[in-house]
Q: 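I'd like to ask you about the structure that follows.
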Protein chains: 2
Amino acid sequence: MTIAEERCNKDGARFTDLRRKVFEILLMQGRPMGAYAILEQLRDAGLSSQPPVAYRALEFLIAHDLAHKVERLNAFVACVNPGQTHAPAFMICRLCDGVAETHAEPARGALGATARAAGFQIEKTMVEAIGVCPSCVDVKERPDQ
Amino acid sequence: MTIAEERCNKDGARFTDLRRKVFEILLMQGRPMGAYAILEQLRDAGLSSQPPVAYRALEFLIAHDLAHKVERLNAFVACVNPGQTHAPAFMICRLCDGVAETHAEPARGALGATARAAGFQIEKTMVEAIGVCPSCVDVKERPDQ
DNA sequence: GACAGTAGCGCAATAATGTAACAGAAATCG
DNA sequence: CGATTTCTGTTACATTATTGCGCTACTGTC
Ligand SMILES: [Zn+2]
Ligand SMILES: [Zn+2]
Ligand SMILES: [Zn+2]
Ligand SMILES: [Zn+2]
């Protein structure tokens, strides 16, 4: 995996230790993480743990398509197909907060037509589906922590 | 407009003064508002202005399809077609933070197929497009306050 | 290597957004 | 009316995010 990131490095971006570490944390977790959860991991690793540290690294990772922000959860997740410019879509489980990334281009369909008709120039779309994941179909209530 | 809300009242929900007031504030503004901006308006109107007051009213309005949350902005906006159960989509201008509501059902297309294949039960989808609105096409930079 | 310019990082302080918990008021129903 | 439920007021706190500033580390030119 670290190979793909080195490649992304070649568009003039510096994949520093800190950014690599944050990316590793996200990969390791495999689930959406809040910025402050990332900071905890950074602290455990002996690095600085002030909020801007995490937010800046995340901004970088997002800009280079290595991670995404899940708006609904105010959380961040490693991309499943890092380094490729793409339009991600997420399926978010409301019971376990697990997230699956897939691909969607709503701008190609009806939304795109509406936007063109309105003179709105779409640059990016966010699609997040809320529901219940396969592992949670039996669960009735939210376990909550 | 207040007629439509009374109708929604008929599904057993109580459209109290406070909830009406918050809805009016959103309608009046015609733009997304943060919860704390709503609280300011409530204070000006002589009502209580503690955060839970706004959040509870908003929760109610959203549950009854009178308003929506724009996740990208952490802000709330009056629905353009209140009272109808529907799947809204937003076009958000990154320059002026203006929002236009339209309609989208990504769950009917490729995303729905992916979800079914994965065993994920979609209950609701959030679609938000970021771009530039017709009024801002000339603007280069973000005016920012 | 010396130097200037730029990008990244450490840190402090604070802003903005959102919730939990509980008590009192008000509507609803018998 | 009393019992029940729903709504509201309030305190206190939790979570998420940003601004600003100064220092360090890299990058390129001379
Ligand atoms: Zn991705
Ligand atoms: Zn789940
Ligand atoms: Zn709507
Ligand atoms: Zn605009």
Side-chain angles (χ1 to χ4, degrees), chain A residues 5-6 8-23 25-26 32-64 66-77 94 97 142 144-145, chain B residues 5-6 8-23 25-26 32-64 66-77 94 97 142 144-145:
Chain A
E5 302 91 58
E6 292 295 0
C8 171
N9 196 342
K10 299 306 178 280
D11 50 308
R14 285 164 58 191
F15 199 62
T16 62
D17 286 352
L18 179 61
R19 292 165 176 174
R20 158 174 282 115
K21 183 63 185 173
V22 171
F23 186 50
I25 289 171
L26 285 176
M33 298 182 76
Y36 284 74
I38 293 169
L39 283 170
E40 265 181 56
Q41 304 266 98
L42 286 178
R43 177 170 16 249
D44 293 352
L47 288 123
S48 178
S49 58
Q50 250 52 46
V53 172
Y55 284 102
R56 286 190 292 230
L58 289 167
E59 186 181 21
F60 175 89
L61 295 176
I62 290 170
H64 293 81
L66 298 176
H68 304 291
K69 177 169 187 180
V70 183
E71 297 287 346
R72 178 65 183 234
L73 303 175
N74 292 321
F76 305 86
V77 69
R94 69 173 159 80
D97 283 345
R142 185 139 208 257
D144 260 322
Q145 324 274 56
Chain B
E5 302 92 57
E6 291 295 0
C8 171
N9 197 342
K10 299 307 178 279
D11 50 307
R14 286 164 57 191
F15 199 62
T16 63
D17 286 353
L18 178 61
R19 291 163 176 175
R20 159 174 281 114
K21 184 62 185 173
V22 171
F23 186 50
I25 290 171
L26 286 177
M33 297 182 76
Y36 284 74
I38 293 169
L39 283 171
E40 266 182 54
Q41 303 266 99
L42 286 177
R43 174 168 21 246
D44 294 351
L47 287 123
S48 177
S49 58
Q50 251 53 47
V53 172
Y55 282 102
R56 286 190 292 230
L58 288 166
E59 186 182 21
F60 174 90
L61 295 175
I62 291 169
H64 292 82
L66 299 175
H68 304 291
K69 177 169 187 180
V70 183
E71 298 286 348
R72 176 63 181 233
L73 302 175
N74 293 321
F76 305 85
V77 69
R94 69 173 159 79
D97 282 344
R142 186 140 208 255
D144 258 321
Q145 324 279 51

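No hydrogens, no waters, no symmetry mates; every other heavy atom, side chains included, goes into these values. Within every chain, numbering begins at 1; the chains are lettered A, B, ... in the order of the sequence lines, protein sequences first and strands thereafter.
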Q: Just do the side chain to side chain contact (heavy atoms under 4.5 Å, CB included) check on A/Asn74 and A/Lys69 with the steps written out, would you?
A: CA-CA 7 Å; A/Asn74 292 321; A/Lys69 177 169 187 180; 4.3 Å; yes

Q: Could you tell me the separation between the CG atom of A/Leu58 and the P atom of D/dT18, rounded to a whole number of Å?
A: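 After rounding, the gap between these two atoms is 11 Å.
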
Q: Under 3.5 Å, which donor-acceptor pairs do the side chains of residues 32-47 of chain B form with other protein atoms, sequence neighbours left out?
A:
unit_1: B/Arg43; atom_1: NH1; unit_2: B/Ser49; atom_2: OG; d: 3.0

Q: Please report the distance, rounded to the nearest Å, between CG in A/Leu61 and P in C/dG8.
A: 12 Å

Q: Output the rounded distance in Å from CZ (B/Phe60) to P (D/dC7).
A: 7 Å

Q: For A/Arg72, enumerate each residue passing the side chain to side chain donor-acceptor pair (under 3.5 Å) test, keeping only those at least two apart in sequence or located in another chain.
A: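 Testing A/Arg72 for side chain to side chain donor-acceptor pair (under 3.5 Å), a comparison that skips the adjacent residues, returns none.
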
Q: Do you know the tightest heavy-atom contact between B/Leu26 and B/Phe76?
A: CD2-O, 3.5 Å

Q: Could you tell me how far apart A/Arg19 (CZ) and C/dG10 (P) are, to the nearest whole angstrom?
A: 11 Å

Q: If you round to the nearest 0.5 Å, how far is CG of B/Leu73 from CZ of B/Arg94?
A: 13.5 Å

Q: What is the separation between atom CG on A/Leu39 and atom P on D/dT15, rounded to the nearest whole Å?
A: 13 Å

Q: Can you tell me the distance, in whole Å, between the CD atom of A/Glu71 and the P atom of D/dT16?
A: 13 Å

Q: Could you give the CG-to-C1' distance, from A/Asp17 to D/dA25, as a whole number of Å?
A: 12 Å

Q: I'd like to compare against my own output: the B/S/- annotation of nucleotides 15-26 of chain C with a strict under-4.0 Å heavy-atom distance to protein.
A: --BBBB------

Q: Going by side chain to side chain donor-acceptor pair (under 3.5 Å), name the residues that satisfy it together with B/Thr16, two or more places apart in sequence or in a different chain.
A: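 Here no residue qualifies.
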
Q: Using heavy atoms to find the nearest nucleotide of DNA chain D for B/Val53 and B/Ala13 separately, return the residue whose nucleotide is more 5′.
A: B/Ala13

Q: To the nearest Å, how far apart are A/Glu59 CD and C/dA7 P?
A: 13 Å

Q: Could you tell me which residues satisfy side chain to side chain donor-acceptor pair (under 3.5 Å) with A/Arg19, sequence neighbours excluded, listed by chain and number?
A: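 Result, side chain to side chain donor-acceptor pair (under 3.5 Å) vs A/Arg19: none returned.
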
Q: Please tabulate, for side-chain N and O atoms in residues 51-64 of chain A, each donor-acceptor pair with protein atoms closer than 3.5 Å (sequence neighbours left out).
A:
unit_1: A/His64; atom_1: ND1; unit_2: A/Phe60; atom_2: O; d: 3.0

Q: Near DNA chain C, which residues from residues 41-50 of chain B have a heavy atom under 4.0 Å away?
A: none

Q: Which angle, rounded to 10°, do you find between the first-five-pair axis and the last-five-pair axis of the helix from C/dG1-D/dC30 to C/dG30-D/dC1?
A: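 Inter-axis angle at the ends, rounded: 30°.
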
